**Q** 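Quick one: the structure is below, and I'll ask about it shortly.
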Amino acid sequence: MQILVANLGSTSFKYRLFALEGDQPRLLTRGGSERVTDYGAAISRALTELSEDGHLRDASDLAGVGFKTVLGGEISGCVFADESVEQALRDTADLAPAHNPPYAEGLRIFRERLPGVPRIALFETAFYQWISDAARRYAVPEAWFKAGIRRYGFHGASHKFVAERSSELLGRQDVADVAKRLYLDGPKEVAGAPLRVISCHLGGSSSVTAIRNGVAIGTSMGLSPQSGLPQSNRVGDLDSAAIPCAIRRLGLTLEQTEKQLVKESGLLGLSGVSNDLRDIKAAADAGNPGAQRAIDVFVHSIRHWIGAFWLELGGCDALVFTAGIGENNPWLREAVCAGLSGLGLQISPARNTTAPAEINLAASDSATRVLVIPANEELVVAREAARLLGSLKPVS
Ligand code: ADP
């Protein structure tokens, strides 16, 4: 049997097809299209490609289609994505306007095209279900909390993969097993010293997560994916007084303000150059002060969250970089890790390479490991979906 994982970006449709054998899904093929305006056409194209290249003979070969859904309000975890899930995505689209509408649309299209194939949603918020109340709450009246205004956290599948893989790379199979079975068994105590990992997912959107013994205990992301670090186009953390202030001083409407915070802020707003770090770095190297400012604010914010979680965890055994920016930019990793030898973290410039693979770039005498782990969110989605379907042998 096979699982298709559908990744619906605001302008892209990407997929990965996995075979279900043993206790881990195995990647068979991947594909998709950019600059998508019609998800129905993109999904039809993908299904045709998969059948023409022989990977998917018939829809009946599919045990299910997995989705890395973002925010469902009260719905989280790994669930069968029936029409109530589509509705929950639409109901919370105000908080995730770039993410929820494409997923609601994609779920509807798969429901209509492949009615017999189960759809499974693994919410990005699932990894944060065990964070403490102190980490979850904003200092707002109780009625706000009851209305769902609290920290949810995102990029859960990516940070969960980091929790699993970093434990393996650090020789802690006991913690890796807890992390892999987390959504089945919940957090489990392990013997010995706690494993403390700070995971930096730096990409089109970015977040930092603190992980203790395979379980997230804190996240830079809050109520919406607009929070935490500056994102490519989205603002990141902002004083709540800024919104009424901008409305009054700049004469903006609430809708204009929201649009500017979601589409014209973040690295794009700071740099005035681009939302892509490659363009921003090139401009900064050519002397553009706005581009350099965007880089400086981004690095400052990453370090701010690393510092907070270092204290919260009582130390850090591994600092991990993942996703497009984290995996491909040694200069950025160097800037994030600068001046930390007093905390026992030192990188080796020779090991801090561009290799698109797992690397440990810590110096030999660094107490903290510094790892690059290529993102593998789809594997986590495929595995959890297969478990919900009962199509995977239990992980021992
Ligand atoms: P998404 O969140 O859309 O999947 P990615 O994880 O691919 O995005 O991250 C996109 C960011 O990663 C961009 O800012 C881009 O500059 C950076 N990036 C991606 N690939 C590379 C690369 N080969 N070299 C440098 N930067 C890269």
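Whatever order the structure lists them in is the order used to number ligands and atoms, beginning at 1. What's counted below: heavy atoms across the whole structure, side chains too, no hydrogens, waters or symmetry copies. If you're wondering where the values come from, they're calculated on a predicted model, not measured in any experiment.
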**Q** Is there any N or O on Gly204 that sits under 3.5 Å from an N or O of ligand 1?
**A** yes
**Q** Is there a nitrogen or oxygen of Asn275 sitting under 3.5 Å from a nitrogen or oxygen of ligand 1?
**A** no
**Q** Checking the N or O distance criterion of under 3.5 Å, is ligand 1 in contact with Ala323?
**A** no
**Q** If you look only at pairs with a residue in residues 62-88, which of them pass as a ring-ring contact (aromatic ring centres under 6.0 Å, His included), with sequence neighbours excluded?
**A** Phe67-Phe110
**Q** To which protein heavy atom is atom 6 (O) of ligand 1 closest, and what is the distance rounded to 0.1 Å?
**A** Gly324 N, 2.9 Å
**Q** Within 45° of the six-membered ring axis of Phe145 and under 6.0 Å from that ring's centre, is NZ or CZ of Arg137 located there?
**A** yes
**Q** Tell me the protein heavy atom at minimum distance from atom 14 (O) of ligand 1, and give that distance in Å.
**A** Leu277 N, 3.1 Å
**Q** Any side-chain donor paired with an acceptor under 3.5 Å for Ser207 and His155?
**A** yes
**Q** Please tell me if the side chains of Leu229 and Asp237 come closer than 4.5 Å, counting only heavy atoms from C-beta onward.
**A** no
**Q** Under the 3.5 angstrom rule, does the side chain of Ser366 hit a backbone N or O of Gly344 as a donor-acceptor pair?
**A** yes
**Q** Within the 4.0 Å heavy-atom shell around Ile325, which atoms of ligand 1 are there?
**A** 11 (C), 12 (O), 14 (O), 17 (C)
**Q** What protein heavy atom is closest to atom 15 (C) of ligand 1, reported as residue, atom name and distance in Å?
**A** Asp276 OD1, 3.3 Å
**Q** Could you list the residues that satisfy side chain to side chain contact (heavy atoms under 4.5 Å, CB included) with Ala282, not counting sequence neighbours?
**A** none
**Q** I want to confirm something. Looking only at heavy atoms, which of Asn329, Leu332, Asp279 is nearest to atom 25 (C) of ligand 1?
**A** Asn329
**Q** Is the backbone of Ala163 close enough, under 3.5 Å, to the side chain of Ser167 for a donor and an acceptor to pair up by distance?
**A** yes
**Q** If you have a sec, work out which protein heavy atom is nearest atom 20 (N) of ligand 1 and how many Å separate them, to one decimal?
**A** Asn328 ND2, 3.4 Å
